[in-house]
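Beneath this line is the structure, given in structure tokens, with notes to follow.
Whatever order the structure lists ligands and atoms in, that order sets their numbers, starting from 1.
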Amino acid sequence: MRRTVIAGNWKMNMTPSQTKKFIEELIPMVKDVNKCDIVLCVPFVDIAVACEAAKGSNIKIGAENVHFKESGAYTGEISAAMLKEIGTEYVIVGHSERRQYFGETDETVNLRTKAALAAGLKVILCLGEVKEERLSGITNEVVAMQTKLDLKDISAEELKNVIIAYEPVWAIGTGLTATPEQADETCGVIRNVICELYGKDAAENITIQYGGSMNENNAKELLEKENVDGGLIGGASLKTDKFTVIAQAANR
Ligand code: PEP
């Protein structure tokens, strides 16, 4: 049976000392959450502190991006091996802010996914349509194509370490949320593509999250949907009380 995963994406927020304080505060608040996995994806410089603070708890730590080359002249970039060695378990790949502001394409998202998986990291692969695509009625085609391109040449075995985060771009950081029905339908489209590519078992077992202004007030309704196996949460993951309410809503 697929796991529900609640993951925070801190984006460019929190210093190492703030990270330590946050995690120490969060640990007792989520200690009884055992029916879903809790992940915090944090800025690179916070990872080591986060891993140390989260040791022995049910909170897992992830990065927000990874480069696809093993090493070399790529100033400012971080490799999968570097992340792995400091204790990182998960990594977000293909977030819409990376696609929008840093020129990421489905091709580089695919390369990053492969590099992360080869290093033994679990990948949270983000994809989703922009507002114009939703309004033109082509959401299903867009997410189906992204799913295929982003997973190109990834084996069924490797797919076991991939979570897909369906994140409609128009809902990220905007306060606009997909309705539970829209989230369910589009996560279902992605699951059908996985079925086409990898078969029924893989489709039933893959975790597909919804992300886009999920918060303490709307999480329950979204998470109740059949095809929504958790959430990728930006803004609301920066407050321990809000993030706890969301984790508890998923703990069923
Ligand atoms: C995100 O960063 O992936 C996200 C969904 O952000 P927010 O929850 O703030 O919309």
When you check ligand 1 against the protein, what N or O pairs turn up below 3.5 Å? List the atom names and distances, or just say none.
| from | atom 1 | to | atom 2 | distance (Å) |
| --- | --- | --- | --- | --- |
| ligand 1 | 2 (O) | Asn9 | ND2 | 3.0 |
| ligand 1 | 2 (O) | Lys11 | NZ | 2.8 |
| ligand 1 | 2 (O) | His95 | NE2 | 3.0 |
| ligand 1 | 3 (O) | His95 | NE2 | 2.9 |
| ligand 1 | 3 (O) | Glu167 | OE1 | 3.0 |
| ligand 1 | 3 (O) | Glu167 | OE2 | 2.7 |
| ligand 1 | 6 (O) | Lys11 | NZ | 3.3 |
| ligand 1 | 6 (O) | Gly234 | N | 3.4 |
| ligand 1 | 8 (O) | Ser213 | N | 3.4 |
| ligand 1 | 8 (O) | Gly234 | N | 2.8 |
| ligand 1 | 9 (O) | Gly235 | N | 2.9 |
| ligand 1 | 10 (O) | Gly173 | N | 2.7 |
| ligand 1 | 10 (O) | Ser213 | N | 2.8 |

Any residue meeting ring pair (Phe, Tyr, Trp, His ring centres under 6.0 Å) with Phe44, in chain and number order, not counting sequence neighbours
none

Under the ring pair (Phe, Tyr, Trp, His ring centres under 6.0 Å) rule, collect the residues that match up with Phe243, sequence neighbours excluded.
none

Residue of the set Glu107, Lys114, Arg112 for which side-chain hydrogen bond (donor to acceptor under 3.5 Å, both in side chains) holds with Asn110:
Lys114

So, Tyr210 side chain and Gly212 main chain: donor-acceptor pair closer than 3.5 Å or not?
yes

Sub-3.5 Å donor-acceptor pair from the side chain of Gln209 to the main-chain atoms of Gly231, do we have one?
yes

Other than Met145, which residues form its hydrophobic cluster under the rule that side-chain heavy atoms must be closer than 4.5 Å?
Leu149

